[in-house]
Amino acid sequence: MRLRIAFALCVFLGTAGLAGAVEEGFDSLFNGKNLTGWTVEHGEAGTFSVQKDVLYCPGVTGYPAWLRSEKVYENFDLRFEFRMDGWCNSGVFFHAPLHGRNSKVGFEFQIDHKSEEGLLKKSAGALFDVLPPKVMAIGPDKSWNQGRILMDWPRLTCWINDRVVQELNVEEHPELKHRLRKGYLGLQDMGYKVWYQNIRIKELPSKEKWQSLFNGENFDGWYQEGKGAVWKVIDGAMHTAGGTSYMVTNGEYENFEFQSYVRTSANANGGIFVRWKQLEGGDRGNEIQVENTPDSNFPTGSLYNIIRAPMFHYENEEWFLIQIKIVGSRLVVRVNGETVVETDEFPTVRKGHISLQMHSHDPWIEFKDLKIKTL
């Protein structure tokens, strides 16, 4: 009885004017007036709006539309309130990428109206398609629910209405440990109505240390080997086409994580070499292939000539994220949030350069936001 009274009081307060309250140390992410601080991705005007001081998704656009925070966050305490009206399937993204599948590259805290189906990977409070919630905690239809996501890598704890729905060490989960540790917050549009209010956040100390490999303006820190392809900077990205050549880092790396957004025109062929030494004599380390071509012997993400990755389809001229983690002879390659290669038999174990390859004439390849974290 006490729990019912407490929950009813919480719902009442959420609808009776406490939506603007912000705890000490927290910053409000929604001003109750407009979408300042947020950007609509893959949607048009009306995909998200403000009605009566509440952030509203009418479900007019649907997947893959989402509302993205302007800032990126690593570790944080995020608190918010959400309300559903009948059938609803939506989610709150965190550590989401600028491009690609938010729920695979980053994390999705699931919002769903169904409470009678049991605890599933698509139930309210699930880490979508990975972990079901520990309990079913959503309130009655049309009531305000209290959501909370506490990320302090590797610890992740989530609540709905003050009940723990997730509690885990992300590093101990075989899938989640490879996901981005820093990214955007987001609200998903899956074609259903959902309301949000009182969105606030407290940032926690950062732990991750990345080094940018490309300044978006010129090739400082890089040198070219081979004269076939032309390399230039266009709109903050490395653009290459016209033959075969390589853009190589000045620095050498042995054990590291590497990330880059990549996009290609139709039938482009290139790659990312790791532990590269030099072009002369063929001492090139090994290549992670970039080739979005149906029936390719080694499609994007493959360890070229050694391990064929499953064909991961992405649209030509659309950005996707490629992640490479290599420690000793262990290699993990992920494309758009999917692990496509995982092996303990990487053949070249030594320090070496990272080298980007262009290997076709008319098609083009672009790379941007290249960064590395030594391990």
Side-chain angles (χ1 to χ4, degrees), residues 27 29-30 35 37-43 47-48 55-57 59 61-84 88-112 121-133 145-153 156-160 165-166 168 170 173 175-204 208 259 261 319-321 323 334 336-338 369:
D27 295 318
L29 294 180
F30 173 54
L35 299 181
W38 298 86
T39 301
V40 176
E41 296 284 355
H42 307 294
T47 300
F48 290 85
L55 181 55
Y56 175 50
C57 174
T61 303
Y63 183 88
W66 63 297
L67 189 66
R68 172 180 63 80
S69 64
E70 291 185 351
K71 286 184 60 177
V72 296
Y73 298 90
E74 181 182 340
N75 298 311
F76 55 83
D77 187 350
L78 175 69
R79 305 183 185 188
F80 54 96
E81 299 169 13
F82 64 95
R83 181 169 71 86
M84 299 173 282
C88 182
N89 174 13
S90 189
V92 175
F93 299 124
F94 56 101
H95 292 180
L98 183 60
H99 308 285
R101 182 104 179 259
N102 295 337
S103 63
K104 291 286 190 179
V105 181
F107 297 75
E108 179 184 345
F109 176 85
Q110 178 76 342
I111 290 176
D112 192 272
K121 295 179 182 179
K122 62 182 182 66
S123 301
L127 294 178
F128 178 69
D129 206 30
V130 180
L131 287 175
N145 296 275
Q146 317 297 313
R148 183 183 177 191
I149 301 170
L150 177 61
M151 167 58 78
D152 191 7
W153 195 280
L156 172 62
T157 310
C158 305
W159 294 260
I160 293 180
V165 291
Q166 299 289 342
L168 69 150
V170 179
H173 193 280
E175 161 61 24
L176 297 177
K177 68 181 182 180
H178 295 304
R179 298 197 176 188
L180 291 187
R181 287 180 54 176
K182 186 175 185 178
Y184 296 97
L185 304 175
L187 306 178
Q188 185 183 45
D189 180 1
M190 282 291 288
Y192 302 96
K193 295 179 181 179
V194 58
W195 293 258
Y196 298 92
Q197 66 179 8
N198 205 8
I199 308 171
R200 65 273 194 207
I201 194 168
K202 178 167 69 174
E203 292 190 68
L204 303 177
E208 208 176 25
Q259 294 180 8
Y261 289 110
W319 292 104
F320 63 90
L321 183 69
Q323 299 167 270
R334 287 170 63 85
N336 233 3
E338 299 281 358
D369 295 343

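All values below were derived from every heavy atom in this structure, side-chain atoms included, with hydrogens, water molecules and symmetry-related copies excluded.
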Sub-4.5 Å side-chain heavy-atom contact between Arg179 and Val130: yes

For Trp195 and Met84, work out which heavy atoms get closest and say how close. CZ3-C, 4.2 Å

Nearest-0.5 Å distance, SG of residue Cys88 to CZ of residue Phe82: 8.5 Å

Please report the shortest heavy-atom distance between Gly337 and Val105, naming the atom on each side. N-CG2, 3.5 Å

When you measure from the side chain of Asp189 to the backbone of Gly62, do you find a donor-acceptor pair of N or O atoms at a distance under 3.5 Å? yes

Treating Glu41 as the side-chain partner and Arg68 as the backbone partner, does any N or O pair qualify as donor plus acceptor under 3.5 Å? no

Which heavy atom of Gly43 sits nearest a heavy atom of Thr61, and at what distance? CA-CG2, 4.1 Å

Just wondering, do Asn145 and Ile111 contact through their side chains at under 4.5 Å, heavy atoms? no

Using the side-chain contact (heavy atoms from CB on, under 4.5 Å) rule, take Gln146 and Trp159 through it: C-alpha gap first, then chi angles, then the decisive distance, then the call. CA-CA 8 Å; Gln146 317 297 313; Trp159 294 260; over 6 Å; no

Give a yes or no answer on whether the side chain of Tyr261 reaches the backbone of Leu98 with a donor-acceptor pair at less than 3.5 Å. yes

Using side-chain heavy atoms (C-beta onward) and a distance below 4.5 Å, is Phe109 in contact with Arg148? no

Taking the six-membered ring for Trp, are Phe48 and Trp38 ring centroids under 6.0 Å apart? no

Separation between CZ of Phe107 and SG of Cys158, rounded to the nearest 0.5 Å: 9.5 Å

To check you understand the geometry: which heavy-atom pair defines the closest contact between Phe94 and Leu127, and what is its length? CZ-CD2, 4.4 Å

Using a 3.5 Å distance criterion without hydrogens, assess whether the side chain of Arg83 forms a donor-acceptor pair with backbone atoms of Glu81. no

Given Leu180, which partner from the list Glu208, Gln323, Glu74 fulfils the side chain to side chain contact (heavy atoms under 4.5 Å, CB included) test? Gln323

Starting at CD of Glu70, measure out to CG of Leu35 and round the result to the nearest 0.5 Å. 10.0 Å

Check: Glu338 and Lys104 side chains under 4.5 Å, non-hydrogen atoms: yes

Looking at side-chain heavy atoms only, is the closest gap between Leu321 and Asp369 below 4.5 Å? no

Side-chain contact test, heavy atoms from C-beta onward, threshold under 4.5 Å: evaluate it for Pro97 versus Asn102 and give yes or no. yes

If you round to the nearest 0.5 Å, how far is CD1 of Ile160 from CD of Gln110? 9.5 Å

Looking at Lys122 and Glu108, does any basic side-chain N land under 4.0 Å from a carboxylate oxygen? no

Student check: side-chain heavy atoms of Pro132 and Ser123 closer than 4.5 Å: no

Donor-acceptor pairs under 3.5 Å, side chain of residues 181-188 to any protein atom, not counting sequence neighbours: which ones?
from	atom 1	to	atom 2	distance (Å)
Gln188	OE1	Gly91	N	3.3

Value for CE (Met151) from CG (Leu156), rounded to nearest 0.5 Å, stands at 4.0 Å

Rounded distance [0.5 Å steps], CZ in Phe80 versus CD in Gln197: 12.5 Å

If we ignore hydrogens and angles and just use 3.5 Å, is the side chain of Gln166 paired with the main-chain N or O of Gly125 as donor and acceptor? yes

Which is it for Tyr196 and Leu29 under the side-chain contact (heavy atoms from CB on, under 4.5 Å) test, yes or no, and what are the steps along the way? CA-CA 11 Å; Tyr196 298 92; Leu29 294 180; over 6 Å; no

